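Notes for the one structure printed next.
Since this is a predicted model, take the numbers as computed values, not measurements.
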Amino acid sequence: MNEIAKNLASIKQTLPANVQLVAVSKTKPPEIVLEAYNAGQRVFGENKVQELVYKYETLPKDIEWHLIGHLQSNKVKYIASFVNTIHSVDSIKLLQVIDSEAKKNDRVINCLLQVKIAQEESKYGFSFNEVEDLLKSSLLNDLNNIKVVGLMGMATFTDEENQIRQEFRELVLFFKKLKTGILQNNAYFVEISMGMSDDYRIAIEEGSTIIRVGSSIFGKRIYN
Ligand SMILES: *Cc1c(COP(=O)(O)O)cnc(C)c1O
């Protein structure tokens with residue numbers, strides 16, 4: 001077995017059945033991504049539109065592609081024909097554009113609302129209040145080509161395990177509050193995307209349903 005297949009196997013071994021693994025392949029060339037594909041992985045995540053499009057065009061067509069990084073609304077059109085899930089929806093405008101581009105392609109795109117849970121000033125993501133206001137409004141009723149399937153969050157970049165755990169716990173509590181409250185147990189609202197290489201074990205303990213793991217599968221990234 002090659003290194004990537006080994007890494008995948010060891011992560012999957014500890015994964016509860018209800019938790020999905022998104023293999024984050026950003027910065028890795030197609031031939032490396034293919035090693036994970038050949039080891040059985042079918043769900044991959046990218047954080048840049050151009051790179052996502054390139055890999056979609058280059059790699060096997062049965063890959064399920066997720067966008068996990070910030071998305072500018074003027075770029076949605078490049079991925080709307082194939083992207084399965086967008087984890088990083090952080091504005092109402094973006095939701096509306098995703099819906100209209102999905103409609104042009106006669107598709108439904110899964111969306112996760114990115115929520116700010118980290119202590120550090122993060123540029124992107126809704127506040128808890130903004131998510132509540134959005135879900136209370138009738139805005140989503142008219143968007144038939146998106147499905148809001150859950151929430152996404154990123155914990156503070158820190159070694160303090162307790163803080164990371166606390167942030168994940170807050171996101172899960174918020175998810176449950178929405179699910180049983182405003183959303184009246186909406187059957188589509190089921191996913192909590194949280195946990196990366198350094199903290200996915202904590203995230204799973206706290207109730208994550210999707211982990212986004214890059215370097216623990218593919219090794220360290222080299223940015224130029
Ligand atoms: C890069 C990235 C990941 C994966 O990070 P690793 O630490 O390499 O596992 C997960 N989520 C987002 C949003 C990312 O940008």
Side-chain angles (χ1 to χ4, degrees), residues 1-26 28 32-47 55 59-69 82-89 107-115 117 146-155 161-162 164-181 183-219:
M1 248 203 279
N2 64 43
E3 206 57 37
I4 288 172
K6 271 187 214 156
N7 293 342
L8 269 173
S10 82
I11 293 169
K12 282 189 176 159
Q13 202 171 26
T14 63
L15 223 56
N18 65 317
V19 178
Q20 187 180 43
L21 169 64
V22 175
V24 176
S25 47
K26 63 189 187 197
K28 301 295 172 182
I32 298 290
V33 183
L34 208 48
E35 287 185 27
Y37 178 90
N38 288 333
Q41 182 67 24
R42 290 294 178 272
V43 183
F44 290 88
E46 288 285 336
N47 70 335
K55 286 180 190 166
L59 287 158
K61 288 295 174 288
D62 62 340
I63 289 178
E64 180 181 305
W65 288 105
H66 291 208
L67 186 81
I68 61 170
F82 68 90
V83 72
N84 177 280
T85 302
I86 298 173
H87 290 234
S88 40
V89 176
R107 299 184 67 233
V108 173
I109 296 176
N110 294 332
C111 293
L112 294 156
L113 304 177
Q114 182 172 353
V115 187
I117 54 171
I146 56 151
K147 232 190 263 176
V148 175
V149 295
L151 303 177
M152 184 272 240
M154 277 190 278
E161 188 180 316
N162 277 334
I164 294 169
R165 188 178 294 283
Q166 194 54 41
E167 290 170 359
F168 285 154
R169 195 167 288 181
E170 275 172 33
L171 186 63
V172 172
L173 279 173
F174 183 56
F175 173 91
K176 287 180 177 162
K177 178 184 165 193
L178 296 173
K179 173 96 176 180
T180 55
L183 290 172
Q184 302 178 5
N185 289 311
N186 176 310
Y188 297 127
F189 195 77
V190 289
E191 306 290 4
I192 306 173
S193 168
M194 59 183 200
M196 312 176 20
S197 291
D198 288 338
D199 57 20
Y200 74 84
R201 290 176 190 83
I202 305 172
I204 290 170
E205 283 167 11
E206 294 302 327
S208 170
T209 68
I210 307 178
I211 58 172
R212 310 175 310 271
V213 178
S215 39
S216 291
I217 298 170
F218 295 106

Partners passing salt bridge (Lys or Arg N to Asp or Glu O under 4.0 Å) against [X] (at least two apart in sequence or in another chain):
X    : result
K176 : none
R107 : none
E170 : none

Can you check whether [X] reaches [Y] side chain to side chain, under 4.5 Å on heavy atoms?
X    : Y    : value
D62  : Y37  : yes
V24  : V213 : no
L151 : L178 : yes

[atom1]-[atom2] distance between [X] and [Y], expressed to the nearest 0.5 angstrom:
X    : Y    : atom1 : atom2 : answer
N7   : I11  : CG    : CD1   : 6.5 Å
L67  : S88  : CG    : OG    : 4.5 Å
I204 : I211 : CD1   : CD1   : 4.5 Å
S208 : L171 : OG    : CG    : 9.0 Å
Q13  : L8   : CD    : CG    : 12.0 Å
L59  : F44  : CG    : CZ    : 7.5 Å

side-chain contact (heavy atoms from CB on, under 4.5 Å) between L112 and V149, worked out: CA-CA 6 Å; L112 294 156; V149 295; 3.8 Å; yes
Heavy-atom donor-acceptor pair, N2 side chain to A5 backbone, under 3.5 Å: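 Yes.
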Kindly say whether V43 contributes a backbone atom to a donor-acceptor pair with the side chain of Q41 at under 3.5 angstrom?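 Side chain of Q41 to backbone of V43, a donor-acceptor pair under 3.5 Å: yes, one is there.
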Just to verify, what does K55 make a side-chain hydrogen bond (donor to acceptor under 3.5 Å, both in side chains) with, not counting sequence neighbours?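 Here the qualifying residues are E46, E51.
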Kindly determine whether F174 and I117 satisfy side-chain contact (heavy atoms from CB on, under 4.5 Å), including the steps that lead there. CA-CA 11 Å; F174 183 56; I117 54 171; over 6 Å; no
Let me see the working for E35 and E3 under side-chain contact (heavy atoms from CB on, under 4.5 Å), right down to the final yes or no. CA-CA 9 Å; E35 287 185 27; E3 206 57 37; over 6 Å; no
Is D198 atom CG crowded by more than 12 heavy atoms from other residues, nucleotides or ligands, each under 6.0 Å away? no
Passing candidate, side chain to side chain contact (heavy atoms under 4.5 Å, CB included) with N84, options N110, I109, I63: N110
What closest approach, in Å, do [X] and [Y] show between heavy atoms, and which atom pair accounts for it?
X    : Y    : answer
V83  : W65  : CG2-O, 3.5 Å
V19  : I210 : CG1-N, 4.4 Å
V22  : G45  : CG1-N, 3.4 Å
P60  : L34  : CD-CD1, 3.8 Å
G150 : F175 : CA-CE1, 4.4 Å
F218 : S25  : CE1-CA, 3.8 Å

Is any side-chain N of the basic residue among R42 and E64 closer than 4.0 Å to the acidic one's carboxylate O?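 Salt bridge flag = no for E64 with R42.
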Compile the donor-acceptor pairs under 3.5 Å between side chains in residues 188-196 and protein atoms, sequence neighbours left out, one pair per line.
residue : atom : partner : partner atom : Å
E191    : OE1  : T209    : OG1          : 2.6
S193    : OG   : H87     : ND1          : 2.9
S193    : OG   : R212    : NH1          : 2.9

Tell me which pairs pass salt bridge (Lys or Arg N to Asp or Glu O under 4.0 Å) where either residue lies in residues 12-25, with sequence neighbours left out. none
